Amino acid sequence: MPEGHTVHRTANQFNNLFAGQPVDVESPQGRFSGGAKLISGKTLLEARAIGKQLFLEFENDLTLRIHLGIYGKWSFAQLAGELPEPIGQVRARFINSSNFADLRGPTVCELINRNEVLAVEQRLGPDPLNPNPRGQEFRRFAERVQKRKTPIGLALMNQDVISGIGNVYRAEILFRAGINPHTPGSEMPTDKLQEIWDDSVRLLKVGVKTGFMITRDELFAKSPNKDERNFVYKREGLACRVCGTNVSLELMATRKLYWCVGCQS
């Protein structure tokens, strides 16, 4: 499942290719035909992301909310002559005079109005890539963690607590902070939550810039191989890069959790 940095990159790509222009919208698969008719030919005002959710705002006060889930994918291409036939089950196709984008297999692809957008925004946790200079997002994050006994390793995966963090960033952020993933949220000190929040902001920005989930500081300016990018993610049984303890793997609420018992005691 794409994590938040990927969705922000998609929003940036939509803004670069389609924003401020009328966009034709089709549903080759047929499952979004009704919605496509309501926004086809309308100007796309803005694309924006909150965590793993993409919002495409059109001039007629309708917003297309898209959540890729596990199987959803985007493909973008320039138009060169005739528009090519769709490949596979394309839920929605977006077209202007120069480009087209195909959406396949999303968990959510729905048109909503302004009130419904607001309801989604209020439900979702704060997004580290949409920081507020007054720190309001951090306070919302801290409050949602500390009011529950839920382990911090689960809280970080809850999109109602913090938006955009998935399995990779969850494992890496907790490792970098030296936090045991089983620590109850109600026992998390505010200063440690600030450290988690600030690191989330930093790492996701690196992800937006590079397109990769790189969590080792010394590799930020490089394009490391996949097996070099992280401290613990998918390194179960291997020696921790810091202390040498074998990296542990367990299931936490059906999701794989990677962590170092030595560094995160």
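Quick caveat, the model's predicted, so the values are computed rather than measured.
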- Query: In the hydrophobic cluster built from side-chain contacts under 4.5 Å, what are the other members alongside F14?
  - Reply: V7, L17, F18, V23, V25, F32, L38, I39, L44, L54, L56, F58, L62, L64, I66, L68, W74, F76, F94, L103, L111
- Side-chain cluster (under 4.5 Å, hydrophobic types only) that I95 belongs to, other residues: L79, L83, F100
Answer yes or no: is there a donor N or O on one side and an acceptor on the other, between the side chain of [X] and the main chain of [Y], under 3.5 Å?
X	Y	value
R241	N230	yes
T210	V206	yes
N167	K256	yes
S163	L124	no
E3	V168	yes
T10	T6	yes
R144	D160	yes
N225	D227	no
E172	T215	no
N15	L45	no

Pairing donors with acceptors under 3.5 angstrom, does anything connect the side chains of [X] and [Y]?
X	Y	value
N180	Q264	no
T190	Q146	yes
E250	W259	yes
Q29	R91	yes

- When you look at R48 and E57, which way does the side chain to side chain contact (heavy atoms under 4.5 Å, CB included) test go after all the steps? CA-CA 8 Å; R48 60 190 181 92; E57 300 177 351; 2.6 Å; yes
- Message: Salt bridge or not between D217 and R176? Use side-chain N to carboxylate O under 4.0 Å.
- Response: yes
- Item | Test: K192 and E195 ion pair at under 4.0 Å | yes
- Query: What do you reckon, is CD1 of I87 surrounded by more than 12 foreign heavy atoms closer than 6.0 Å?
  - Reply: no
- Task: Report, as yes or no, whether the 6.0 Å neighbourhood of atom CD on Q78 holds more than 12 heavy atoms from other residues, nucleotides or ligands.
- Result: no
- Message: Ring of F55, cation from R65 - is the NZ or CZ under 6.0 Å from the centre and inside 45° of the axis?
- Response: no
- Message: Would R235 and Y258 count as a cation-pi pair here, with the cationic atom under 6.0 angstrom from the ring centre and within 45° of the axis?
- Response: no
- Message: Name the residue from V208, L204, I50 that meets the side chain to side chain contact (heavy atoms under 4.5 Å, CB included) definition with H8.
- Response: V208
Taking all atoms of both residues into account, what is the closest heavy-atom pair of [X] and [Y], and its distance?
X	Y	answer
P151	P181	CB-O, 3.5 Å
E137	N130	OE2-O, 2.9 Å
A11	A49	CB-N, 4.1 Å
G69	T107	CA-OG1, 3.2 Å
P224	L219	CB-CD1, 3.9 Å
G262	T245	CA-OG1, 3.9 Å

- Quick one: do C240 and N246 satisfy side chain to side chain contact (heavy atoms under 4.5 Å, CB included)? Show the steps, please. CA-CA 6 Å; C240 171; N246 286 349; over 6 Å; no
Does one hydrophobic cluster hold both [X] and [Y], with members joined at side-chain heavy-atom distances below 4.5 Å?
X	Y	value
I214	V201	yes
L193	M157	no
M252	V247	no
I152	L257	no
V108	V117	no

If you define the side chain from C-beta out and look only at heavy atoms, does anything of [X] sit under 4.5 Å from [Y]?
X	Y	answer
V120	E116	no
L174	I196	yes
K147	E143	no
I173	L203	yes
L156	I162	yes
V242	C260	no
P126	W197	yes
R31	Q89	no

- Could you walk me through whether R104 and S75 pass the side chain to side chain contact (heavy atoms under 4.5 Å, CB included) test, one step at a time? CA-CA 9 Å; R104 298 176 179 84; S75 61; 3.1 Å; yes
- Is the gap between the ring centers of Y169 and H5 under 6.0 Å? yes
If you round to the nearest 0.5 Å, how far is [atom2] of [Y] from [atom1] of [X]?
X	Y	atom1	atom2	answer
R229	S223	CZ	OG	8.5 Å
R148	M188	CZ	CE	14.5 Å
R9	K209	CZ	NZ	11.5 Å
D127	Q53	CG	CD	10.5 Å
E110	T63	CD	OG1	10.5 Å

- Message: Run the side-chain hydrogen bond (donor to acceptor under 3.5 Å, both in side chains) test on Q159 and H67 for me, step by step, so that the C-alpha distance in whole Å, both residues' side-chain angles and the decisive distance to 0.1 Å come before the verdict.
- Response: CA-CA 12 Å; Q159 300 302 297; H67 185 0; over 6 Å; no
- Message: For a side chain to side chain contact (heavy atoms under 4.5 Å, CB included) check, start with the C-alpha distance between E228 and K222, then their side-chain angles and the critical distance, and finish with the verdict.
- Response: CA-CA 11 Å; E228 297 176 334; K222 302 179 181 179; over 6 Å; no
